[in-house]
Amino acid sequence: MPITKSAQKALKQSVKKHSRNEHFKNMYKETRKAFEAAVKASDVEAAKAVLFNTKEDGKTVKSGLQSNIDKLVKKNIIHKNNGDRKKSKYASMLKKLETSLNS
């Protein structure tokens, strides 16, 4: 346990930041798993809906995968280049799925 006041405050802040970071990481993991399941099932429309956060009527219900990655970058949970790399990877997965089904 921390002894000094500053160490106690640092511990309190650390716990608070860890809790916040875990919340956003879990949100990202949930949407990533939904996207990967749609890709594995070869469901292009579901994968697009999860990646881009759109429905048939154009309304949004839940944050999309790209939106979640942008939130992680904005809150400094992951680095900008890491976020860009992840978004690129998921977009290429979707494009590869679309081309394989169209061929």
Side-chain angles (χ1 to χ4, degrees):
M1 287 300 294
I3 296 172
T4 62
K5 280 269 196 194
S6 61
Q8 289 172 350
K9 182 178 179 181
L11 176 65
K12 193 175 178 182
Q13 289 174 333
S14 174
V15 169
K16 195 173 190 179
K17 287 177 184 177
H18 176 75
S19 172
R20 185 196 72 166
N21 291 346
E22 283 300 308
H23 166 73
F24 286 107
K25 283 182 181 179
N26 288 337
M27 192 170 56
Y28 162 71
K29 285 179 189 175
E30 185 179 311
T31 53
R32 187 197 74 214
K33 286 179 183 178
F35 175 75
E36 289 175 350
V39 169
K40 195 170 190 176
S42 299
D43 189 357
V44 176
E45 294 305 316
K48 277 185 181 180
V50 172
L51 185 64
F52 300 121
N53 190 23
T54 56
K55 288 244 175 184
E56 294 168 6
D57 57 354
K59 293 185 178 178
T60 59
V61 176
K62 196 173 184 182
S63 293
L65 184 57
Q66 286 188 337
S67 175
N68 283 341
I69 292 170
D70 289 335
K71 285 177 190 172
L72 293 175
V73 169
K74 183 179 178 185
K75 294 175 185 299
N76 291 323
I77 297 171
I78 62 172
H79 192 271
K80 182 182 182 303
N81 292 345
N82 187 353
D84 290 342
R85 190 173 60 244
K86 287 179 189 301
K87 289 195 294 186
S88 174
K89 180 177 88 170
Y90 296 130
S92 68
M93 284 172 69
L94 180 64
K95 190 165 184 84
K96 197 178 293 185
L97 178 65
E98 287 177 329
T99 56
S100 69
L101 293 179
N102 289 339
S103 300

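When a residue number appears, it is its place in the shown sequence, counting from 1. Given the structure is predicted, the values throughout are model-derived calculations rather than measurements. Below, each value reflects all heavy atoms present in this structure, side chains not excepted, and no hydrogens, waters or symmetry copies.
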(message) To the closest 0.5 Å, what do you measure between CG (Asp70) and NZ (Lys75)?
(response) 12.0 Å
(request) Working to the nearest 0.5 Å, report the span between NZ of Lys48 and CD of Glu98. (result) 4.0 Å
(message) If you count heavy atoms of other groups shown closer than 6.0 angstrom to CG of Leu101, is the number above 12?
(response) yes
(message) Within this structure, what is the CD1-NZ distance for the pair Ile77 and Lys17, rounded to the nearest 0.5 Å?
(response) 11.5 Å
(message) Within this structure, what is the CD1-OH distance for the pair Ile78 and Tyr28, rounded to the nearest 0.5 Å?
(response) 7.0 Å
(message) Less than 4.5 Å apart, side chain to side chain, heavy atoms only: is that true for Glu22 and Lys25?
(response) yes
(request) Grab the two heavy atoms, one from Met93 and one from Val39, that are nearest each other, plus how far apart they are. (result) CE-CG1, 4.2 Å
(request) Working to the nearest 0.5 Å, report the span between CD1 of Ile69 and OG1 of Thr31. (result) 7.5 Å
(request) Would you name the heavy atoms of Ile3 and Gln8 that are closest together and state the gap between them? (result) O-NE2, 3.6 Å
(request) Would you check if Leu97 and Ser100 make a side-chain contact, meaning some heavy-atom pair closer than 4.5 Å? (result) yes
(request) List the atom of Leu51, the atom of Ala91, and the distance in Å for their closest heavy-atom pair. (result) CD2-CA, 4.3 Å
(request) Identify the residue among Lys86, Lys80, Lys87 that makes a side chain to side chain contact (heavy atoms under 4.5 Å, CB included) with Val73. (result) Lys80
(message) To the nearest 0.5 Å, what is the distance between OG on Ser14 and NE2 on His18?
(response) 8.0 Å
(message) Looking at Thr99 and Lys95, would you say the former's side chain and the latter's main chain have a donor-acceptor pair under 3.5 Å?
(response) yes
(request) Please report the closest heavy-atom contact between Val44 and Leu94, naming both atoms and the distance. (result) O-CD1, 4.2 Å
